[in-house]
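A quick write-up on the structure given underneath.
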Amino acid sequence: MTAQTARPRGKRPKKKVKRRLHKGRLAILLTIIAVIVVSVMALLSRCSSGAGSVFRQGGDFRTPVPTALEAGRSDAMKVLQTAPGSMEREGALLYIKSREHRLRNSGYGHAADDYIGAANDFLLTHGVISE
């Protein structure tokens with residue numbers, strides 16, 4: 001061996017390490033990115049879902065049923081026109097509850113929610129019932 005080609009014992013020349021993304025890691029990374037993109041798109045579609053949609057408890061974003069809201073308010077007005085503590089008032093309150101029950105049993109759960117919600121809001125604001 002000549003002096004130019006000889007290298008000291010125990011030391012190896014450093015090799016350049018090429019960093020590559022492992023296929024499994026790439027799949028995980030793409031999955032995470034896809035989940036984030038889908039989540040953001042779903043959130044944006046919920047926020048801009050058109051005029052007239054209302055946020056209710058439980059994440060209900062459907063548009064309200066105007067006839068159910070009107071009927072709930074008018075039936076609540078009938079309760080307000082009766083004397084406090086009278087049997088007529090109790091009957092009017094029971095009528096509201098029975099109408100909601102009939103709507104729900106007929107398969108109109110969304111309209112029943114709007115009806116009872118409008119009636120409750122009206123009665124709460126006028127002090128007939130408390131929370």
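Atom-to-atom distance recorded for S98:OG and N105:CG is 11.0 Å, nearest 0.5 angstrom. The structure places CG of L94 at 8.5 Å from CE of M87, a figure rounded to the nearest 0.5 Å. Interatomic distance, NE2 of H110 versus OG1 of T63, reported as 5.5 Å (0.5 Å rounding). Remark: L30 CG to R25 CZ distance equals 14.0 Å, nearest 0.5 Å.
For residues 101-110, the salt bridge (charged side-chain N to carboxylate O under 4.0 Å, His left out) pairs, not counting sequence neighbours, are E100-R104, R104-D113. Within the structure, side-chain hydrogen bond (donor to acceptor under 3.5 Å, both in side chains) pairs that include any residue of residues 65-76 comprise D75-R99, D75-Y115 (at least two apart or interchain).
When the side chain to side chain contact (heavy atoms under 4.5 Å, CB included) test is applied to E90, no partner is found at least two apart in sequence or on another chain. The ring pair (Phe, Tyr, Trp, His ring centres under 6.0 Å) test applied to H126 returns F122, not counting sequence neighbours. N120 pairs by the side chain to side chain contact (heavy atoms under 4.5 Å, CB included) definition with I116, I129, not counting sequence neighbours. Shown here are the side chain to side chain contact (heavy atoms under 4.5 Å, CB included) partners of A111, two or more places apart in sequence or in another chain: V65, A68, Y108. Evaluation of the side-chain hydrogen bond (donor to acceptor under 3.5 Å, both in side chains) rule for S86 yields E88 as partners, not counting sequence neighbours.
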Distance-only donor-acceptor pairs under 3.5 Å for side chains of residues 36-44, two or more places apart:
residue, atom, partner, partner atom, Å
S39, OG, V35, O, 2.8

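Nearest heavy atom pair, residue A119 against residue I96, reads CB-CG2, 4.0 Å. Between R89 and V128, the shortest heavy-atom distance links the atoms NH1-CG1, 4.0 Å. Looking at every heavy atom in both residues, D114 comes nearest to P64 through OD2-CA, 3.4 Å.
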